[in-house]
Amino acid sequence: MPNPTSASAEPILRIEDLHKSFGETDVLKGISLDIEKGEVVVVLGPSGSGKSTMLRCLNLLEKPTAGKIFFEGEEITAPKVNINSVRERMGMVFQQFNLFPHLDALHNVMLAQQKVLKRSKAEAAEVARVQLERVGLGDRCDYFPGELSGGQQQRVAIARALAMDPHVMLFDEATSALDPELVRGVLDVMRELAQQGMTMVVVTHEMGFARDVADRVIFMEGGHIVEQGTPEQVFEHPKSDRTRAFIGEVS
Amino acid sequence: MRTAHVRPARRATAALVALALCLTACLAGMVAPRQASAMDVVRCTGRPNSSDDKTVIQGATQSRITFEATVEEGEGVSVLTLTIPQDTTFETDDLAVTLLSGTDLMTRNEVSYDLEVVGQNLVFNFDEPLAQAGHLNIIVYGVYFPQAGGDMQVEATYRLASGDEHDIEGIPVIPVQGISGTEALSQWLEQQPWVQAWNANRFLHLFFDPTILVTSFPVVLNGFFMSVAIVALSFPLAIPVALVLALMRLSKFVVWRGIATTYVNLMRGTPLFLQIYVAFFGLPLAGIQIPNFPLGVIVMTLNSGAYMCEIFRAGILSISKGQTEAARSLGMNRVQTMVYVILPQMFRIVIPNLTNEFITLYKDTSLLAAVGVMELVMYARTIVASTGSITPYIVAAAFYLVITLPLSKITRHLEESLRGGKKRKRASTAEKGADAQKEAAHA
């Protein structure tokens, strides 16, 4: 388990005093965070605490109001940065899956490979099959999103992100829109991914997952990071009352 | 006995008369060859029967043949054979055979005869050889010349009492104009009792005259092809125009947005009829000469583009933002996202609206009639003008419905399937259910 305090290699993601406001509303009020390569960071917090906004700032789906974000040493918040090349290396999984409904599972996974990475059709299809196999959907290649269950759709979405060979995976409440019985399959895939050493930033309400898989748990509220530490520290010995209340409430 | 006494004297008189007759006949026989020809044709005509042109004789339409030839004094024509042209039908119940005599040929003399019909030959055996000078006039009724038309040659020969046969030379041909199958059908229909009964009703006659129905069909069909050609060109051309406009309207740049919005508002805010007038009368005045057909296509394209633009814009806006975010998060740029993710979904959504737009556009081609583009309504109008019947408009209506009714049905079907979110049928649907259960059990 990487120790955030140890002076290891440069962090893969560094967030410096990140602010984001929508009009008059300040959602992020100065977030600073380093994420090491291979680390699994789980972000917890009540609704409206800014967890998702922070995640969306990481791949610039939201443009930060102030602050800097460095990804693999490059400041991606700087002007004239090629956002697309940043996003290629950062996979994202959405709460609502957002699969392309006009394409079957295989072509959902193939599309960006062909258009962004310029892989040949055959290569893209090969990679897509491997990734669909990896999320347990090797036999669903020719299914359209509408024909798949929510859990299957989300696993296809994960495969779609993985096919781009990302260096970091962002999960934005990936299981929140799923029926309870379908959550497990998705969490299993995420757990496996964590074990294989993928750097992951996971916004979730799944306490069990956070406890089992996270290297570090971050508790956010009101646009601030209130508390962070190993799952053990945050869950067993929370320092702030707010964290304690939240954990008690949820679990 | 008295009678017996008288008899020989009468016999003698009869013999004398016979002798005299024989002499004159011989004399005539000797004289005849010296004449240029004994019977000369005066005329041989058909009766004009075209409703459009009063001088034209059409095939497959009822007509009659009038044949007239001179007869010399004391010539004694005993048999006349009239040969009607091949493939021409005629009636023989009601022939008029008259010998016009007198100085002004105003005296009508009935001629009695026996008629023998052999194929196309009408053989008139005159009871008395025609001895009086004049014009022999024969009218054959119920004549139908061949549908294809052509120059019809009537032939005639005659036999004198002496037994000499002669041809009548120099008979003029009857020029017959060919008519189409539908015209022939129309002519035929006109004769049918049920059609006559039908047309006796004023309303039916005006709007659904079967004879005009069949004749206007092929003519209006030309207009149908024209209308379809216009819409078949302008509809696909309008799609890229509309796409560009829609993207401009959704653009972040105020200039693009302004141009597109102005254009769309202008085109949608003014009648197409007015736009057609401006294009067809304005451009030539400005020195720009564009033939009717391409100009019609251009106007329809530009107009339809504006309406389609709004359809596309609404379609794009109806696609969830998550689609764009997902595509962008994978590193796709704006254009790639639009082309590979948004537009394919948009087209699926707008198909019912596009079909409606197609129907509207097809119907609106009729407005081009006002500027002389030969489309459906224009063709119908020309026949209406010449016949005074509304029926061609009804035929035109049918040509519109042939396209619009099936399309509306398809549109309704598409709308239903879109609303119902129909999924592709698949053999392994049951398997999917089983899989979901497995997943559930797993959790």
Side-chain angles (χ1 to χ4, degrees), chain A residues 56 59-61 82-104 107-109 111-117 136-137 139-140 142-144 146-152 157 160-161 163-164 166 170 172 178-188, chain B residues 252 312 315-352 354 414 416-443:
Chain A
R56 291 162 60 86
N59 69 351
L60 301 177
L61 281 183
N82 184 350
I83 299 172
N84 296 323
S85 80
V86 173
R87 287 174 179 155
E88 273 177 55
R89 293 171 280 152
M90 233 190 273
M92 186 160 192
V93 177
F94 299 87
Q95 184 176 354
Q96 296 298 339
F97 331 135
N98 294 343
L99 287 186
F100 307 135
H102 60 298
L103 300 175
D104 63 19
H107 286 85
N108 259 282
V109 183
L111 182 65
Q113 294 186 60
Q114 288 175 272
K115 303 307 171 191
V116 179
L117 301 181
L137 292 172
D139 58 341
R140 291 291 184 271
D142 60 341
Y143 278 56
F144 282 81
E147 300 170 314
L148 296 169
S149 73
Q152 289 170 332
R160 180 173 69 177
M164 303 296 288
L170 311 176
D172 187 5
L178 295 177
D179 291 340
E181 73 269 23
L182 301 180
V183 168
R184 181 61 163 274
V186 174
L187 289 183
D188 285 349
Chain B
K252 281 193 290 191
F312 288 161
I316 291 171
L317 289 176
S318 75
I319 292 163
S320 91
K321 213 175 141 232
Q323 290 293 311
T324 311
E325 288 185 351
R328 299 304 304 273
S329 80
L330 288 165
M332 292 169 77
N333 61 32
R334 258 172 214 292
V335 176
Q336 289 171 329
T337 303
M338 189 52 83
V339 172
Y340 300 113
V341 177
I342 305 299
L343 291 186
Q345 297 185 51
M346 184 275 291
F347 272 112
R348 203 159 300 192
I349 293 169
V350 301
I351 281 174
L354 274 194
L414 285 173
E416 267 163 30
S417 69
L418 266 181
R419 204 177 318 127
K422 243 183 221 168
K423 285 162 191 169
R424 205 163 50 140
K425 290 262 184 292
R426 183 190 297 281
S428 58
T429 320
E431 191 191 323
K432 181 188 149 196
D435 194 69
Q437 279 174 353
K438 204 168 69 190
E439 214 170 331
H442 198 58

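Below, each value reflects all heavy atoms present in this structure, side chains not excepted, and no hydrogens, waters or symmetry copies. Below, read A as the first sequence line, B as the second, and so on, with proteins coming before strands; counting in each chain starts at 1.
The shortest side-chain heavy-atom distance between A:M92 and B:L330 does not fall under the 4.5 Å cut-off.
For A:R89, no part lies under 4.5 angstrom from a heavy atom of chain B. For chain B, no part of A:L60 is nearby; none of its heavy atoms comes within less than 4.5 Å.
Taking A:H102 as the reference, A:F100, B:P344, B:Q345, B:R348 meet the side-chain contact (heavy atoms from CB on, under 4.5 Å) condition, with sequence neighbours excluded. Residues satisfying the ring-ring contact (aromatic ring centres under 6.0 Å, His included) test with B:F312, not counting sequence neighbours, are B:F347.
If you tally non-hydrogen atom pairs under 4.5 Å between each of A:R160, A:R56, A:K115, A:Q113 and chain B, the highest count goes to A:K115. For chain B, the option among A:N82, A:L99, A:L187, A:V93 with the highest count of heavy-atom pairs below 4.5 Å is A:L99.
The contact list for residues 334-342 of chain B toward chain A, using heavy atoms and a distance under 4.5 Å, reads B:Q336, B:Y340, B:V341 by residue number. Residues from residues 317-326 of chain B that place a non-hydrogen atom less than 4.5 Å from a non-hydrogen atom of chain A comprise B:K321, B:G322, B:Q323, B:E325, B:A326, given in numerical order.
In this structure, B:S329 OG and A:M164 CE are separated by 9.0 Å, a value rounded to the nearest 0.5 Å.
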